[in-house]
Amino acid sequence: AQQGTVSAPGALQQRCVAGSAVCRPWGLRPPGGRAFHTASSSFQEVLLTSERYRVQRLPFSRVSDSDVAFFERAVPGGVVTNPEELKPFNVDWLKSVRGCSKLMLKPQTTAEVSQVLRYCYERNLAVNPQGGNTGLVGGSVPVFDEIILSTALMNRIISFDKVSGILVCQAGCILEKLNEYLEEQGFVMPLDLGAKGSCHIGGNVATNAGGLRLLRYGSLRGTVLGLEVVLADGSTLDCLTSLRKDNTGYDLKQLFIGSEGTLGVITAVSILCPQKPKAVNLAFLGCQSFAKVLETFTTCRAMLGEILSAYEFMDEKCMELVEKHLKLSSPVTGSPFYVLIETSGSSSTHDEEKLNNFLEQAMTSGLVTDGTVATDDKKIKASTWFIWISLVHQTLWSLRERITEALTHDGYVYKYDISLPVGKLYDLVTDTRARLGRSAKNVVGYGHLGDGNLHLNITAESYSHSLLDAIEPFVYEWTARYNGSISAEHGLGFKKKQFIQYSKPNEAVFLMQRFKAMLDPKGILNPYKMLPSSS
């Protein structure tokens, strides 16, 4: 994808007081979409993963001309061997890891995936399953010359039941396209990501992606009802049930949710989708300390209750980078911390009243020093104001969703996706900043506070092994000290697999390796990822 731009939101600021339900966005210009945008650096500038990390290739077979000939028969029109076409699929979105695959396959059906994997299993050819390639831990691209198995053409919606809200679709459907389809039916997807314009639902499930709606709708482990998966030997596991209740034996789909393509290739998904909210409100607020951010969340959760759908926080450094690199202007300035609150419900009058009561309480008690609100009032939908309000919503969300993009423009990014007790969340940022001092360009923190999920990011002018040594394992040791998780939602991929012991006991890791050995004895599926090498 090409790098996108968003126009500045102009004079959007408004005090958050009772009665000020709709903010007045004078001068606002249409922002860009909330899709995941790619950085513009050259693919050739990325050092090969095998060289940077000194990885040894496992004894897999190498692709031959006869292999390519077989695949051309098995996947007609879906074989890519052109080196130029393959370049973007060998490099991750962050431009931090690069493989050297010489072959990409783009099947359209489960039968084609089955045929491909059966052949690869017999030939001992390693396979790298790939969706939208928006992963942030090096799990979606080859390490060496693994065959890239892309789900890009597996993008068919199989069925949707308007009564139950259950969607069945192929794994290559783009999240944003699914949401657009569902909105026409009066429903939405239960997850929302900054990468939604590129990521595939199969990849979302394979990594157990969290995102912005988890506070309201829970994780994919609860909303995914069934999966169709092709195993390493080419056999197909059809657990594509559309039942909300099924207590017959082990819940096998849970093995594949979050397995990062190491146990099987997800080809179809059955997922429970909530009804589209009739009223959506946003508040963008400034807080003078992280303690105030936490207290605001406690007050917010108590007063907004069932309509609270998102509570995101970001520090002032994040806003500086978004403004500097993407030319986005925040409607609220001068605060060390910012929170983005979203409510969604069925009654605009009811929701606005609850939101305004909360905002009045937050302002009068000193929790919040400044803020902006944008509401989705039914009364204004028929007028041109609705267009303005839609733009305000997009702009406020852009300030949060495009932090990842802004960071990539600041230099090389060391990314950490951490779960911690909420009270300790920002202490890790403070301690990391103090530890690294001037050796890092920027150390920032943001994330899903309602889920206890911190995104710690460190930027530098370029990759530095000495800086990496100063960060790791310090961040993981710090996280383990407070019983946190070293991967809240991004997965382990290639970059973090050797640190799993900071979050899981040895017995659990050993059991995972046994599952891997049972389902993929030859280890051909996404090798070098997720699990440390077994002895």
May I ask you to test the [X]-[Y] pair for a side-chain heavy-atom distance under 4.5 Å?
X    : Y    : value
I486 : L492 : yes
R156 : Q108 : no
I147 : M104 : no
F160 : L182 : yes
T262 : K516 : yes
Y53  : V97  : yes
V116 : C120 : yes
H490 : H455 : yes

If you round to the nearest 0.5 Å, how far is [atom2] of [Y] from [atom1] of [X]?
X    : Y    : atom1 : atom2 : result
D192 : E176 : CG    : CD    : 9.0 Å
I271 : S242 : CD1   : OG    : 11.5 Å
F89  : S150 : CZ    : OG    : 6.5 Å
I418 : T479 : CD1   : OG1   : 3.5 Å
L263 : F515 : CG    : CZ    : 9.0 Å
L167 : C173 : CG    : SG    : 7.5 Å

Between [X] and [Y]: side-chain donor-acceptor atoms closer than 3.5 Å:
X    : Y    : answer
N124 : K522 : no
E228 : T110 : yes
S344 : S309 : yes
N128 : K529 : yes
S96  : K495 : yes
E489 : H448 : yes
N453 : D417 : yes
T343 : N281 : yes

Side chain to side chain donor-acceptor pair (under 3.5 Å) assessment of D238 paired with T236: CA-CA 6 Å; D238 186 357; T236 300; over 6 Å; no

Give a yes or no on this: more than 12 heavy atoms of other residues, nucleotides or ligands lie within 6.0 Å of atom [atom1] of [X].
X    : atom1 : value
E306 : CD    : yes
N82  : CG    : yes
R514 : CZ    : no

Any donor and acceptor pair, going by atom type alone, linking the side chain of [X] with main-chain N or O of [Y] inside 3.5 Å?
X    : Y    : result
S419 : G484 : no
E146 : F144 : yes
K415 : V137 : no
T408 : L94  : no
S198 : A195 : no
N526 : E260 : yes
R213 : M189 : yes
Q513 : P532 : yes
Q115 : A111 : no
T241 : G226 : no

Run the salt-bridge test on [X] and [Y] with the 4.0 Å N-O cut-off and return the result as yes or no.
X    : Y    : result
K87  : E84  : yes
R118 : D233 : no
K253 : D251 : yes
K196 : E401 : yes
R57  : D145 : yes

Is the NZ or CZ atom of [X] positioned over [Y]'s six-membered ring, under 6.0 angstrom from the centre and within 45° of the axis?
X    : Y    : value
K496 : Y416 : yes
K162 : F187 : no
R400 : Y446 : no

Worked check of side-chain contact (heavy atoms from CB on, under 4.5 Å) between L231 and F256: CA-CA 10 Å; L231 303 180; F256 300 96; 3.8 Å; yes

Ring center gap for Y528 and F494 short of 6.0 angstrom: no

L321/V444 under side-chain contact (heavy atoms from CB on, under 4.5 Å): CA gap, chis, key distance, verdict: CA-CA 10 Å; L321 294 175; V444 307; 4.1 Å; yes

Nearest non-hydrogen partners of [X] and [Y], listed with the distance:
X    : Y    : result
Q170 : L153 : OE1-O, 4.5 Å
I500 : M530 : CD1-O, 4.4 Å
N133 : V91  : ND2-O, 3.0 Å
V229 : T267 : N-OG1, 4.2 Å
C169 : L178 : SG-CD1, 4.0 Å
K497 : L531 : CD-O, 3.5 Å

Residue pair L282, I341: steps toward the side-chain contact (heavy atoms from CB on, under 4.5 Å) verdict: CA-CA 6 Å; L282 289 178; I341 298 169; over 6 Å; no

Geometric class of the Y119/F70 ring pair [parallel <30°, tilted 30-60°, perpendicular >60°]: parallel

Pair T134-S140, side-chain contact (heavy atoms from CB on, under 4.5 Å): steps then yes or no: CA-CA 8 Å; T134 58; S140 60; over 6 Å; no

